[in-house]
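Read through the structure below, which is laid out as C-alpha coordinates, and then see the notes.
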Amino acid sequence: AQKITQTQPGMFVQEKEAVTLDCTYDTSDPSYGLFWYKQPSSGEMIFLIYQGSYDQQNATEGRYSLNFQKARKSANLVISASQLGDSAMYFCAMRGYSQNTPLVFGKGTRLSVIA
Amino acid sequence: EPEVTQTPSHQVTQMGQEVILRCVPISNHLYFYWYRQILGQKVEFLVSFYNNEISEKSEIFDDQFSVERPDGSNFTLKIRSTKLEDSAMYFCASSEATSGDAYEQYFGPGTRLTVT
(Lines give C-alpha, C1' and ligand atoms only; values in the text may rest on other atoms or scores of the structure.)
Protein backbone atom coordinates (compact mmCIF):
# COMPACT_ATOMS: atom_id res chain seq x y z
CA ALA A 1 0.00 0.00 0.00
CA GLN A 2 1.09 3.54 -0.64
CA LYS A 3 0.76 6.46 1.70
CA ILE A 4 1.39 10.18 1.39
CA THR A 5 1.85 12.40 4.42
CA GLN A 6 1.61 16.18 4.28
CA THR A 7 2.18 17.53 7.78
CA GLN A 8 1.53 21.21 7.09
CA PRO A 9 -2.20 21.95 7.02
CA GLY A 10 -1.51 25.61 6.28
CA MET A 11 1.41 27.78 5.24
CA PHE A 12 1.89 31.51 4.78
CA VAL A 13 4.50 33.12 2.55
CA GLN A 14 5.29 36.68 1.63
CA GLU A 15 4.89 37.58 -2.03
CA LYS A 16 8.14 37.11 -4.00
CA GLU A 17 9.58 34.79 -1.36
CA ALA A 18 10.22 31.06 -1.80
CA VAL A 19 8.25 28.43 0.09
CA THR A 20 8.69 24.70 0.65
CA LEU A 21 5.72 22.39 1.03
CA ASP A 22 6.58 19.10 2.69
CA CYS A 23 5.63 15.65 1.48
CA THR A 24 6.77 12.26 2.69
CA TYR A 25 5.70 8.97 1.23
CA ASP A 26 5.71 5.29 1.91
CA THR A 27 5.53 2.49 -0.63
CA SER A 28 6.71 -1.05 -1.25
CA ASP A 29 6.78 -0.53 -5.01
CA PRO A 30 10.33 -0.54 -6.42
CA SER A 31 9.34 2.05 -9.03
CA TYR A 32 6.91 4.88 -8.56
CA GLY A 33 6.06 8.40 -9.59
CA LEU A 34 5.49 11.44 -7.41
CA PHE A 35 3.19 14.30 -8.40
CA TRP A 36 2.13 17.67 -7.11
CA TYR A 37 -1.27 19.16 -7.92
CA LYS A 38 -2.63 22.63 -7.20
CA GLN A 39 -6.29 23.12 -6.33
CA PRO A 40 -7.45 26.76 -6.38
CA SER A 41 -10.69 27.81 -4.74
CA SER A 42 -12.53 27.07 -8.00
CA GLY A 43 -11.91 23.37 -7.31
CA GLU A 44 -10.10 22.04 -10.35
CA MET A 45 -6.94 19.93 -9.99
CA ILE A 46 -3.98 21.40 -11.85
CA PHE A 47 -0.92 19.24 -12.46
CA LEU A 48 2.29 21.01 -11.48
CA ILE A 49 5.25 18.67 -11.53
CA TYR A 50 6.28 15.02 -11.70
CA GLN A 51 9.30 13.10 -10.37
CA GLY A 52 10.09 9.51 -11.25
CA SER A 53 11.72 7.37 -8.59
CA TYR A 54 14.66 6.58 -10.87
CA ASP A 55 15.21 10.12 -12.04
CA GLN A 56 18.67 11.23 -11.02
CA GLN A 57 17.90 14.93 -11.11
CA ASN A 58 15.24 16.86 -9.27
CA ALA A 59 12.33 17.88 -11.49
CA THR A 60 11.78 21.53 -12.31
CA GLU A 61 8.91 23.29 -14.07
CA GLY A 62 9.23 27.04 -14.19
CA ARG A 63 8.92 28.36 -10.62
CA TYR A 64 8.23 24.87 -9.28
CA SER A 65 10.90 22.41 -8.29
CA LEU A 66 10.73 19.12 -6.49
CA ASN A 67 13.30 18.38 -3.82
CA PHE A 68 13.44 14.60 -4.07
CA GLN A 69 15.31 12.75 -1.33
CA LYS A 70 14.75 9.06 -1.99
CA ALA A 71 16.51 7.76 1.11
CA ARG A 72 14.33 9.97 3.29
CA LYS A 73 11.24 9.22 1.18
CA SER A 74 10.49 12.87 0.79
CA ALA A 75 9.33 14.87 -2.22
CA ASN A 76 9.01 18.48 -1.15
CA LEU A 77 7.66 21.11 -3.51
CA VAL A 78 9.54 24.38 -3.70
CA ILE A 79 7.78 27.40 -5.16
CA SER A 80 10.12 30.28 -5.91
CA ALA A 81 9.12 33.93 -6.20
CA SER A 82 5.62 33.36 -4.81
CA GLN A 83 2.74 35.19 -6.43
CA LEU A 84 -0.70 36.03 -5.07
CA GLY A 85 -2.16 33.58 -7.58
CA ASP A 86 -0.25 30.76 -5.91
CA SER A 87 -2.70 30.85 -2.99
CA ALA A 88 -4.41 27.45 -3.16
CA MET A 89 -4.44 23.92 -1.77
CA TYR A 90 -1.48 21.82 -2.82
CA PHE A 91 -1.66 18.05 -2.94
CA CYS A 92 1.20 15.62 -3.12
CA ALA A 93 0.36 12.30 -4.77
CA MET A 94 2.06 9.12 -5.88
CA ARG A 95 1.44 6.04 -7.91
CA GLY A 96 3.34 2.87 -8.74
CA TYR A 97 4.51 2.06 -12.22
CA SER A 98 2.32 -1.01 -12.48
CA GLN A 99 -0.50 -0.85 -14.95
CA ASN A 100 -3.50 1.15 -13.81
CA THR A 101 -2.34 1.93 -10.30
CA PRO A 102 -4.35 4.91 -9.10
CA LEU A 103 -3.00 8.08 -7.60
CA VAL A 104 -2.84 8.19 -3.82
CA PHE A 105 -3.13 11.70 -2.42
CA GLY A 106 -2.05 13.40 0.76
CA LYS A 107 -4.37 15.62 2.79
CA GLY A 108 -2.98 18.75 1.24
CA THR A 109 -1.43 22.02 2.39
CA ARG A 110 -3.25 25.33 2.09
CA LEU A 111 -0.82 27.99 0.94
CA SER A 112 -1.65 31.63 1.47
CA VAL A 113 0.51 34.23 -0.24
CA ILE A 114 0.55 37.60 1.52
CA ALA A 115 1.15 40.87 -0.33
CA GLU B 1 -4.73 22.08 -25.57
CA PRO B 2 -6.93 18.99 -25.13
CA GLU B 3 -8.71 18.71 -21.81
CA VAL B 4 -11.01 16.47 -19.84
CA THR B 5 -14.53 17.85 -19.57
CA GLN B 6 -17.21 17.01 -17.03
CA THR B 7 -20.92 17.70 -16.86
CA PRO B 8 -22.75 18.96 -14.96
CA SER B 9 -20.53 21.25 -12.93
CA HIS B 10 -22.98 21.06 -10.03
CA GLN B 11 -25.71 18.51 -9.36
CA VAL B 12 -28.21 18.68 -6.53
CA THR B 13 -30.26 15.56 -5.86
CA GLN B 14 -32.45 14.10 -3.18
CA MET B 15 -31.36 11.15 -1.10
CA GLY B 16 -32.29 7.88 -2.78
CA GLN B 17 -32.25 9.27 -6.29
CA GLU B 18 -30.00 8.03 -9.07
CA VAL B 19 -27.41 10.36 -10.56
CA ILE B 20 -25.17 10.04 -13.59
CA LEU B 21 -22.01 12.09 -13.79
CA ARG B 22 -20.54 12.49 -17.24
CA CYS B 23 -16.99 12.88 -18.44
CA VAL B 24 -15.36 13.22 -21.82
CA PRO B 25 -11.72 12.11 -21.50
CA ILE B 26 -8.96 13.32 -23.80
CA SER B 27 -9.50 11.60 -27.13
CA ASN B 28 -6.32 9.51 -27.45
CA HIS B 29 -6.24 8.46 -23.82
CA LEU B 30 -6.83 4.84 -22.92
CA TYR B 31 -7.16 4.84 -19.14
CA PHE B 32 -9.92 6.50 -17.22
CA TYR B 33 -10.45 7.16 -13.54
CA TRP B 34 -12.98 8.52 -11.10
CA TYR B 35 -11.92 10.15 -7.85
CA ARG B 36 -13.94 11.93 -5.22
CA GLN B 37 -13.14 14.65 -2.70
CA ILE B 38 -15.41 15.20 0.26
CA LEU B 39 -15.35 18.86 1.23
CA GLY B 40 -12.17 19.72 3.10
CA GLN B 41 -10.67 16.27 2.71
CA LYS B 42 -8.18 14.61 0.42
CA VAL B 43 -8.85 13.20 -3.00
CA GLU B 44 -9.78 9.50 -2.92
CA PHE B 45 -9.63 6.95 -5.72
CA LEU B 46 -12.87 5.27 -6.72
CA VAL B 47 -12.29 3.25 -9.88
CA SER B 48 -10.09 2.85 -12.93
CA PHE B 49 -11.27 1.67 -16.34
CA TYR B 50 -9.44 0.27 -19.33
CA ASN B 51 -10.49 -1.61 -22.44
CA ASN B 52 -14.15 -1.35 -21.50
CA GLU B 53 -13.85 -2.90 -18.11
CA ILE B 54 -12.98 -1.98 -14.56
CA SER B 55 -9.27 -2.43 -13.83
CA GLU B 56 -9.26 -1.59 -10.17
CA LYS B 57 -11.70 -0.24 -7.62
CA SER B 58 -11.47 0.97 -4.07
CA GLU B 59 -13.57 -0.13 -1.12
CA ILE B 60 -15.59 3.06 -1.56
CA PHE B 61 -16.79 1.80 -4.95
CA ASP B 62 -19.54 -0.50 -3.72
CA ASP B 63 -22.61 -1.91 -5.48
CA GLN B 64 -24.23 1.53 -5.54
CA PHE B 65 -21.64 2.72 -8.05
CA SER B 66 -21.15 1.73 -11.66
CA VAL B 67 -19.13 3.05 -14.58
CA GLU B 68 -19.69 2.85 -18.28
CA ARG B 69 -18.23 4.02 -21.55
CA PRO B 70 -21.44 3.99 -23.57
CA ASP B 71 -20.33 5.46 -26.87
CA GLY B 72 -16.56 5.55 -27.20
CA SER B 73 -16.21 9.13 -26.02
CA ASN B 74 -18.21 9.55 -22.81
CA PHE B 75 -17.27 7.95 -19.51
CA THR B 76 -19.99 7.93 -16.88
CA LEU B 77 -20.26 7.31 -13.17
CA LYS B 78 -23.67 6.25 -11.90
CA ILE B 79 -24.75 6.28 -8.29
CA ARG B 80 -27.93 4.23 -8.02
CA SER B 81 -29.38 5.43 -4.73
CA THR B 82 -27.59 8.46 -3.39
CA LYS B 83 -26.84 8.91 0.28
CA LEU B 84 -26.02 12.09 2.16
CA GLU B 85 -22.43 10.96 2.49
CA ASP B 86 -22.09 10.81 -1.31
CA SER B 87 -21.98 14.62 -1.32
CA ALA B 88 -18.55 15.43 -2.70
CA MET B 89 -16.63 16.74 -5.68
CA TYR B 90 -16.22 13.98 -8.25
CA PHE B 91 -13.24 14.18 -10.57
CA CYS B 92 -12.77 12.29 -13.79
CA ALA B 93 -9.21 11.77 -15.03
CA SER B 94 -7.59 10.15 -18.02
CA SER B 95 -4.09 9.18 -19.07
CA GLU B 96 -2.39 7.84 -22.17
CA ALA B 97 -0.88 4.89 -20.35
CA THR B 98 0.01 3.84 -16.87
CA SER B 99 2.91 1.44 -17.06
CA GLY B 100 6.53 2.34 -17.68
CA ASP B 101 6.84 6.06 -17.22
CA ALA B 102 4.28 7.26 -14.71
CA TYR B 103 2.14 9.17 -17.16
CA GLU B 104 0.33 12.20 -15.88
CA GLN B 105 -3.35 11.84 -15.17
CA TYR B 106 -5.26 14.80 -16.55
CA PHE B 107 -8.12 15.84 -14.32
CA GLY B 108 -11.42 17.33 -15.35
CA PRO B 109 -12.86 20.37 -13.55
CA GLY B 110 -15.05 18.18 -11.34
CA THR B 111 -18.76 17.80 -10.63
CA ARG B 112 -19.94 18.97 -7.27
CA LEU B 113 -22.65 16.58 -6.09
CA THR B 114 -24.92 17.74 -3.28
CA VAL B 115 -27.31 15.18 -1.81
CA THR B 116 -30.12 16.65 0.28
Side-chain angles (χ1 to χ4, degrees), chain A residues 1-10 21 23 25 27 29-55 59 61 64 66 68 75 88-110, chain B residues 1 3-6 8-10 23 26 29-51 53-61 67 88-114:
Chain A
Q2 296 162 343
K3 185 178 179 182
I4 293 283
T5 302
Q6 293 181 256
T7 57
Q8 305 155 315
L21 306 184
C23 172
Y25 62 90
T27 181
D29 284 341
S31 305
Y32 48 89
L34 295 153
F35 302 78
W36 277 91
Y37 285 84
K38 173 184 178 181
Q39 187 178 42
S41 56
S42 50
E44 71 266 34
M45 296 289 286
I46 302 168
F47 166 75
L48 295 178
I49 195 167
Y50 158 75
Q51 176 86 44
S53 59
Y54 285 110
D55 292 343
E61 286 286 347
Y64 304 108
L66 202 152
F68 180 47
M89 282 291 288
Y90 288 80
F91 291 96
C92 181
M94 73 176 301
R95 56 180 293 275
Y97 273 27
S98 313
Q99 201 161 23
N100 279 326
T101 49
L103 284 170
V104 173
F105 285 83
K107 293 184 176 180
T109 295
R110 181 169 298 283
Chain B
E1 186 175 332
E3 58 183 17
V4 177
T5 59
Q6 290 185 245
S9 57
H10 192 187
C23 168
I26 294 173
H29 285 189
L30 301 175
Y31 298 87
F32 315 115
Y33 310 82
W34 283 101
Y35 293 85
R36 81 169 185 192
Q37 184 184 31
I38 294 172
L39 187 64
Q41 298 187 22
K42 66 179 179 181
V43 178
E44 301 172 292
F45 167 72
L46 291 178
V47 65
S48 60
F49 192 86
Y50 169 70
N51 201 24
E53 61 182 25
I54 291 173
S55 309
E56 187 172 343
K57 59 183 181 179
S58 72
E59 58 190 23
I60 301 169
F61 194 87
V67 289
M89 180 77 96
Y90 288 81
F91 291 103
C92 173
S94 69
S95 68
E96 291 179 69
T98 60
S99 60
D101 265 342
Y103 285 90
E104 173 194 343
Q105 292 181 17
Y106 291 79
F107 280 73
T111 292
R112 183 167 297 284
L113 177 65
T114 303

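Proteins come first, then strands; the chains are lettered A, B, ... in the order of their sequence lines, and each starts at number 1. Computed from a predicted structure; not experimentally measured.
Partners of A:Gln8 according to the side chain to side chain contact (heavy atoms under 4.5 Å, CB included) rule, which considers only residues two or more places apart in sequence or in another chain, are A:Met11, A:Leu21, A:Asp22, A:Thr109. Qualifying salt bridge (Lys or Arg N to Asp or Glu O under 4.0 Å) partners for A:Glu44, counting only residues two or more places apart in sequence or in other chains: none.
Interatomic distance, B:Phe107 CZ to A:Ile46 CD1, rounded to the nearest 0.5 Å: 12.0 Å. B:Gln105 contributes atom CD, which lies 11.0 Å from atom CZ of A:Phe47 (distance to the nearest 0.5 angstrom).
If you measure heavy-atom distances from B:Tyr35 to chain A, the contacts under 4.5 Å come from the side chain alone. With a 4.5 Å cut-off on non-hydrogen atoms, A:Gln39 touches chain B through its side chain but not through its backbone. Residue A:Tyr37 touches chain B through its side chain alone, counting heavy-atom pairs closer than 4.5 Å.
Taking the six-membered ring for Trp and the full ring otherwise, A:Phe105 and B:Phe45 have centroids separated by 6.0 Å or more.
Taking every heavy atom of both residues into account, B:Lys42 and A:Phe91 meet most closely at CA-CE2, 4.1 Å.
Between chain A and the options B:Met89, B:Gln37, B:Gln6, heavy-atom pairs under 4.5 Å are most frequent for B:Gln37.
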